[in-house]
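Notes follow once the structure below has been shown.
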There are 2 protein chains.
Amino acid sequence: MQTGVPGPAPMRCDVCAIRHRAVCGALSGEELGMMNAISRQRVLQPGEPILSAGDPISWFGNIVTGAVKLTKLLSDGRQQIVGLQFPPDFLGRAFKERSPYFAEAATEVELCIFPKPAFEKILKEKPDLEFRLFQDTLDELDAARDWMLLLGRKTAAEKVASFLHLIARRSPMIGCAHHNGGDEIRFQMPLNRSEIADYLGLTIETVSRQIGRLKSDGVLQLHATREFSILDMDRLAAVSGE
Amino acid sequence: MQTGVPGPAPMRCDVCAIRHRAVCGALSGEELGMMNAISRQRVLQPGEPILSAGDPISWFGNIVTGAVKLTKLLSDGRQQIVGLQFPPDFLGRAFKERSPYFAEAATEVELCIFPKPAFEKILKEKPDLEFRLFQDTLDELDAARDWMLLLGRKTAAEKVASFLHLIARRSPMIGCAHHNGGDEIRFQMPLNRSEIADYLGLTIETVSRQIGRLKSDGVLQLHATREFSILDMDRLAAVSGE
DNA sequence: CGTTATGTTGATAGCCGTCAACATACGTGG
DNA sequence: CCACGTATGTTGACGGCTATCAACATAACG
């Protein structure tokens with residue numbers, strides 16, 4: 001049980017839900033003790049900023065629960081979400097002084113954070129940790145390229161379907177899945193309509209209309225604005241283009 | 001001087017144009033000898049395929065000269081260029097059995113290639129090399145996210161201006177810059193109109209029209225369809241959105 | 001010089017953005 | 001608990017940007 005008091009707690013890592021899936025999975029017992037010593041828990045509310053573009057980076061972190069969005073802005077305010085991260089993703093741009101994007105809590109978020117210098121020291125001493133981060137970065141790059149295909153070439157209908165398919169598939173890992181006995185996939189949407197639009201390069205109105213169309217087509221059901229049930233996963237996949 | 005005969009040539013690396021800027025820059029003399037021993041030169045013609053999505057990856061490479069495009073396809077043939085690589089970029093998806101994208105020569109390309117197993121062996125033994133690749137991957141991820149902003153939120157005019165600005169800025173490094181005495185930036189476009197369209201998420205007609213508009217606005221001049229001079233770099237930057 | 005690939009320009013259509021009105025959910029304080 | 005205000009989401013009408021279709025021009029190449 002945790003104390004609720006911030007600061008290092010003895011062997012907090014032992015009960016950590018993402019212990020093995022996060023980058024920490026690359027560390028052995030002793031090394032984990034070092035991480036435990038320098039790490040702290042932090043809870044963020046929806047909309048709370050984590051990093052601002054151009055900000056000096058002073059710490060890194062793992063997402064324990066919740067969803068974090070990475071955004072970029074044009075000077076006139078147009079916005080694009082360039083990354084959406086969930087447990088057990090690593091947060092922060094290593095080896096760079098300043099963040100190239102904004103990071104913001106989309107839902108309530110629990111982070112396990114560690115100071116940049118201390119983490120970079122461990123990184124230098126533990127090649128396995130660096131290797132793990134490298135792997136994760138390669139996977140992120142693959143995901144970014146998949147998204148470039150979506151942004152550049154898919155229609156609004158395909159974009160929305162692709163996004164819902166993505167969230168539905170990953171909902172158990174994300175921690176937003178709801179089960180109601182049947183085998184339909186039910187989850188709570190971690191983003192509001194405006195954020196979905198910013199992720200897909202669309203407007204809120206178009207997102208709303210496309211969700212409405214999928215609803216009237218019987219592909220999904222809305223229990224509340226953010227409570228989705230996918231009734232026909234195959235059809236959702238078919239509509240998503242690929 | 002090279003012999004033209006494929007296969008390892010004694011100390012080819014010593015005269016390599018990208019020796020210090022490529023990942024090889026992380027290697028010392030002895031290690032470079034190992035790379036030299038396993039590497040071969042390969043020349044590709046424009047349009048020649050390098051990797052197909054889903055293909056088993058059997059080798060990696062550095063781009064010595066030319067431009068390589070990474071593309072992804074939807075099942076109905078829609079295409080998106082998800083990466084554009086120039087000297088001294090590294091080519092290939094490390095730690096994955098199969099390529100997540102197609103790679104194809106855009107111009108004539110000189111590669112320095114090495115077998116995957118041999119390279120991965122050196123990678124395991126030389127943390128500096130892995131670190132260098134990691135850095136490059138992080139930079140690629142940053143670039144991919146910049147492009148996501150362009151694809152999702154920029155207008156056709158801004159997309160074309162951004163792209164021309166990118167090529168103009170990097171033309172010296174890319175090796176397509178032409179100097180004609182004055183300080184105007186002149187270069188040979190490494191992509192044809194269709195490829196530019198696939199990079200920007202547009203059609204060839206829209207690309208052509210936007211280039212035409214920049215021409216009649218006095219921002220640039222066309223000496224041939226692929227010979228550009230940027231007359232007003234500041235205005236090009238201004239039109240590109242950011 | 002003919003043939004094909006590449007690029008340009010014009011006319012038209014449609015998808016999606018914009019503007020606007022309305023609906024619903026949420027929170028706060030009376 | 002209800003009244004009110006605000007934030008979020010939906011729906012409709014309309015317009016503009018960009019895709020599509022088509023014709024033509026230019027370049028590349030044998």
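These numbers were taken from a predicted model, which means no experiment stands behind them. First the proteins, then the strands, lettered A, B, ... as listed; each starts at 1.
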Check: [Y] and [X] side chains under 4.5 Å, non-hydrogen atoms:
| X | Y | value |
| --- | --- | --- |
| A/Thr65 | A/Val109 | no |
| B/Lys159 | B/Thr155 | no |
| B/Gln80 | B/Thr71 | no |

Exercise for review: Walk me through it: do B/Ile230 and B/Glu184 pass the test side chain to side chain contact (heavy atoms under 4.5 Å, CB included)?
Suggested key: CA-CA 6 Å; B/Ile230 307 300; B/Glu184 80 184 25; over 6 Å; no
Check your understanding: Earliest and latest nucleotide of DNA chain C, 5' to 3', sitting under 4.0 Å from a non-hydrogen atom of chain B?
Key -> C/dG7 to C/dA11
Please report the interatomic distance [atom1]([X]) to [atom2]([Y]), rounded to the nearest 0.5 Å.
| X | Y | atom1 | atom2 | answer |
| --- | --- | --- | --- | --- |
| A/Leu220 | A/Ile211 | CG | CD1 | 7.5 Å |
| A/Glu195 | A/Ile81 | CD | CD1 | 5.5 Å |
| A/Arg186 | A/His178 | CZ | NE2 | 7.0 Å |

Exercise for review: Check each residue of residues 204-216 of chain B for a non-hydrogen atom within less than 4.0 Å of any atom in DNA chain C, then write out the ones that pass by number, or none.
Suggested key: B/Glu205, B/Ser208, B/Arg209
Review point. Residues from residues 69-82 of chain B sitting under 4.0 Å of DNA chain C, heavy atoms only?
Key: none
Review point. Does B/Val207 offer a backbone N or O that forms a donor-acceptor pair with the side chain of B/Gln210 under 3.5 Å?
Key: no
Check your understanding: Quick check: does any side chain N or O of A/Thr107 sit under 3.5 Å from a backbone N or O of A/Ala67, one acting as donor and the other as acceptor?
Key ->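 It does hold such a pair.
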Review point. What pairs with B/Asp217 under salt bridge (Lys or Arg N to Asp or Glu O under 4.0 Å), at least two apart in sequence or on another chain?
Key: B/Arg213
Point to revise | Partners meeting salt bridge (Lys or Arg N to Asp or Glu O under 4.0 Å) with A/Glu108 (sequence neighbours left out) | key: none
Review point. What's the verdict on side chain to side chain contact (heavy atoms under 4.5 Å, CB included) for B/Arg169 and B/Met233, showing C-alpha distance, side-chain angles and the deciding distance?
Key: CA-CA 9 Å; B/Arg169 260 188 306 116; B/Met233 202 64 177; 4.0 Å; yes
Review point. Taking only residues two or more places apart in sequence or in another chain, which ones pass side chain to side chain contact (heavy atoms under 4.5 Å, CB included) with B/Ser171?
Key: B/Cys176, B/Ala177, B/Ile185, B/Phe187
Review point. Is the closest side-chain donor-acceptor distance between B/Gln221 and B/Ser229 under 3.5 Å?
Key: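 Distance-only check fails for B/Gln221 and B/Ser229.
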In a table with atom names and distances, give each donor-acceptor pair under 3.5 Å that connects a side chain of residues 43-63 of chain B to protein atoms at least two apart or in another chain.
| unit_1 | atom_1 | unit_2 | atom_2 | d |
| --- | --- | --- | --- | --- |
| B/Glu48 | OE1 | B/Gln45 | N | 2.8 |
| B/Asp55 | OD2 | B/Ser52 | N | 3.3 |

Send over the distance from [X] [atom1] to [N] [atom2], rounded to a whole Å.
| X | N | atom1 | atom2 | value |
| --- | --- | --- | --- | --- |
| A/Glu227 | D/dT8 | CD | C1' | 16 Å |
| B/Arg226 | D/dT26 | CZ | C1' | 15 Å |
| A/Met189 | D/dT8 | CE | P | 16 Å |

Review point. Which residue pairs pass the salt bridge (charged side-chain N to carboxylate O under 4.0 Å, His left out) test with at least one member in residues 82-91 of chain B, sequence neighbours excluded?
Key: none
Exercise for review: Report which part of the nucleic acid B/Gly47 touches: base, sugar-phosphate, or nothing (heavy-atom distance under 4.0 Å, all strands).
Suggested key: nothing
Check your understanding: When you measure from every atom of DNA chain D, which of residues 152-159 of chain B have a heavy atom less than 4.0 Å away?
Key ->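 Contacting residues: B/Thr155, B/Ala156.
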For nucleotides 28-30 of chain D, print each protein N/O atom paired with a nucleotide N/O atom at under 3.5 Å, atom names and distance only.
none

**Study point:** Angle of first-five versus last-five pair axes in the helix from C/dC1-D/dG30 to C/dG30-D/dC1, to 10 degrees
**Key:**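 About 40°, once rounded to a multiple of 10°.
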Exercise for review: State whether A/Arg42 and A/Glu110 are salt-bridged, where the test is any N-O pair (Lys NZ or Arg NE/NH1/NH2 against Asp/Glu carboxylate O) under 4.0 Å.
Suggested key: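 Looking at A/Arg42 and A/Glu110, the cut-off is not met.
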Side-chain polar contacts of residues 138-154 of chain A - donor-acceptor pairs under 3.5 angstrom, sequence neighbours left out - could you list them?
| unit_1 | atom_1 | unit_2 | atom_2 | d |
| --- | --- | --- | --- | --- |
| A/Asp139 | OD1 | B/Arg93 | NH2 | 3.0 |
| A/Glu140 | OE1 | A/Gln85 | NE2 | 3.3 |
| A/Glu140 | OE1 | B/Arg145 | NH2 | 2.7 |
| A/Asp142 | OD1 | B/Arg93 | NE | 3.4 |
| A/Asp142 | OD2 | B/Arg93 | NE | 3.0 |
| A/Asp142 | OD2 | B/Arg93 | NH2 | 2.8 |
| A/Asp142 | OD2 | B/Lys96 | NZ | 3.3 |
| A/Arg145 | NE | B/Val82 | O | 3.3 |
| A/Arg145 | NH2 | B/Glu140 | OE2 | 2.7 |
| A/Asp146 | OD1 | B/Lys72 | NZ | 2.7 |
| A/Trp147 | NE1 | A/Tyr199 | O | 2.9 |
| A/Arg153 | NE | B/Gln79 | O | 2.6 |
| A/Arg153 | NH1 | B/Leu202 | O | 3.0 |
| A/Arg153 | NH2 | B/Ala197 | O | 3.1 |
| A/Arg153 | NH2 | B/Asp198 | OD1 | 2.9 |
| A/Arg153 | NH2 | B/Leu202 | O | 2.9 |
| A/Lys154 | NZ | A/Ser162 | OG | 2.9 |
| A/Lys154 | NZ | A/Ser240 | O | 3.0 |
| A/Lys154 | NZ | A/Glu242 | OE2 | 2.5 |

